[in-house]
Amino acid sequence: MSRAATASPNDRAPMTDLAHPDRLRKLADMRAAGVDPFPPRGVDALPIAQVIAGGGSIDAPGPLAAKRVQIAGRMLALRDFGKLAFAPLIDRTGKIQIGFAKERLPDWWERRKWLDHGDLLGIEGELGRTQKGELTVWATKVDILAKCVAVPPEKWHGLVDIEQRYRRRYVDLWAKEGVREVFEKRARILAGVRRFLDARGYVEVETPILQPLYGGAAARPFVTHYNALDSDFFLRIAPELYLKRLIVGGMERVYEIARNFRNEGLSARHNPEFTMLELYQAQSDYRGMMELAEGMIESLAREINAGTQIHFRGADYDLRAPFVRRGYIDLFQEHAGCAFDDQVRVRAKARELGIKDPGSFPKLMNDVFEATVEEHLQGPIFVTDYPLEICPLAKVSPRDGRLAERFELFVGGMELGNAFTELNDPQDQYQRFAEQVASKDDEAPSAIDIDYVQALEYGMPPAGGLGLGIDRLVMLLTGQDTIRDVLMFPALRPLTGEACATEPAAAPSIAPGR
RNA sequence: GGGCGCGUAGCUCAGUCGGUAGAGCAGCUGGCUUUUAACCAGCGGGUCCCAGGUUCGAGUCCUGGCGCGCUCACCA
């Protein structure tokens, strides 16, 4: 689509060609009649849901029936009948029909031509019904609160172009049924997480997003530059190492709902910035984290969906605790057909699967695990006790020196969470950092986080830590197949060249910075 | 980054074998006092994603590019 700037009929300022000439002409007509199409004040509107509730039913009219009400919202369509017209109006709470009748609006009637679907209106009128019995606000006063000069999407299909839905979420939110509900549920899920943890004595904290070193996960970071310190900083890939410093600091139970940034590809499950709940609890361990995770997820499901049954990507799941627990090495044996530490047979299996050698046996072994086991993890299931080598921040298992006390949670074959009994031995931690750095893996940290090791030297209590992918949890609880449908503004390639039309010459600045 | 698919009016989409660019909705004009995707009559609206090429002639075929989707890879 081109975005060439064109002069508007009223010659005020250039507009993009999204603004329709017919609508711009109405803007000019309104101004010529002394009416501001963008008045400074809104109206004192009653939420539409309350109007509907107050209207009652035909047989049992409510307290607002036949009363004067004032509402405000976006007009989605206009059905004109000569001396009568109907229009649905939506606000954040619901949708109701407005009725325009010439006999009730004699002075205004000529001005009905100013209305277009998409306009934001303030309506004062009497709550009544039509002959078909539909609850209707019969307007006695109509104010255009903001003119919609861009033509909204076609009314029946709505906005279906997926790219346009994401690029213009501000249209998608009212033009496509169900979109806003997903984000309202997302907000309730976040509130529910906070309520759940706050009730258990957790303190919500905020730790640096701009970090001089990055760690706590294996991922490539985004790099930025801080001019005042003339230093490169990294956008965090995880808050983990800062949160555990707070456990050293004696806070004992902390969590952060953290936006993380990873310089990686996009998929239905991945966005370069994503939200992760991370929490740490002193005197707990990975077993405690399992109980916390399943308890929280079950309770969120009950809160959001009034039950633990969910439907996701064509399958049904039950999020009732407790979830199944299965050992990593047992699952490995079962699905890969050999022991996880049998190098010869694991390598043979990898060749059979066409997996290319990532350079180290533990990674290769885990690649085989992912290729053979993950598809079977319909879950909800905790996969427990991972090989120590792929867990640089987890404590060794007291029962088996080859394993670490770690679990990952899967639902629908999708990784939802990751937790450990946290490693708190500073010497061991230093050693494992050093191995990571020496591995020359391009996703390993480039330097040892000495300050973190020093924090451990002061003593960190035994603790459990849990990371939960909030976006993926929202996907499950709202039945959305892709992460983009639970992110307001998912990452997209920026528009370039002519498609932008944001040059200052085309869009003169109208207000100084605040 | 690879593979597959898509890109045509403001929106949703047709477009046959390569032969003058189409529909519905939206818009404009007129009609209509109870509609629910209202209806009826008329009108306006196109850089067929971009750039090359083949051809008498390209929305259509070819090459390259851009964008998006799906998928694979990447993502402990």
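Just so it is clear, the model here is predicted, and its values are computed rather than measured. Throughout, protein chains are lettered first and strands after them, A, B, ... in sequence-line order, and every chain is numbered starting at 1.
An OP1 or OP2 oxygen of U34(B) is reached within less than 4.0 angstrom by no side-chain nitrogen or oxygen of Lys83(A). In this model, the phosphate group of U35(B) is not approached by any side-chain N or O of Arg79(A) to a distance below 4.0 Å at OP1 or OP2. Here Arg23(A) does not reach the OP1 or OP2 of G10(B): none of its side-chain N or O atoms lies under 4.0 Å away.
Comparing G10(B), C32(B), U34(B) by their nearest atom to the side chain of Thr130(A) picks out U34(B). When distances are taken from the side chain of Lys132(A) to each of C70(B), U34(B), G67(B), the shortest belongs to U34(B). Between G10(B), C28(B), U33(B), one nucleotide has an atom nearer to the side chain of Lys26(A) than all others, and that is C28(B). Checking U35(B), U33(B), C28(B) against every side-chain atom of Asp116(A), the shortest atom distance belongs to C28(B). Among C68(B), C74(B), G10(B), the nucleotide with an atom closest to any side-chain atom of Arg220(A) is C74(B).
At the heavy-atom level, Ala217(A) lies under 4.0 Å from base atoms of the strands shown. In this structure, Arg269(A) reaches neither bases nor backbone, as no heavy-atom distance under 4.0 Å exists between it and the strands shown. Among the protein residues, Lys95(A) comes within range of no part of the nucleic acid, since none of its heavy atoms lies under 4.0 Å from any strand.
The aromatic rings of Phe369(A) and Phe332(A) lie parallel to each other, their planes meeting at an angle below 30°, with 60° marking the opposite boundary. Between His335(A) and His376(A), the ring-plane angle classifies as parallel under the 30° and 60° cut-offs.
Looking only at distances, a side-chain donor or acceptor of Thr130(A) sits under 3.5 Å from a matching main-chain atom of Lys132(A). Side-chain N or O atoms of Arg432(A) include one that pairs as donor or acceptor with a backbone N or O of Cys391(A) at under 3.5 Å. Although no hydrogens or angles enter the test, the distance criterion places no donor-acceptor pair under 3.5 Å between the side chain of Asn271(A) and the main chain of Phe274(A).
Counting distance only, with no hydrogens placed and no angle test, the side-chain atoms of Glu134(A) and the base atoms of U34(B) include no donor-acceptor pair under 3.5 Å. Remark: the Gln97(A) side chain and the U35(B) base include a donor-acceptor N/O pair separated by less than 3.5 Å.
For the pair Pro152(A) and Lys113(A), nearest-nucleotide mapping onto RNA chain B gives the more 5' position to Pro152(A).
For the C1' atoms, the distance from C32(B) to G42(B) is 16 Å, rounded to whole Å. The gap from the C1' atom of U60(B) to that of G10(B) amounts to 25 Å, rounded to the nearest Å.
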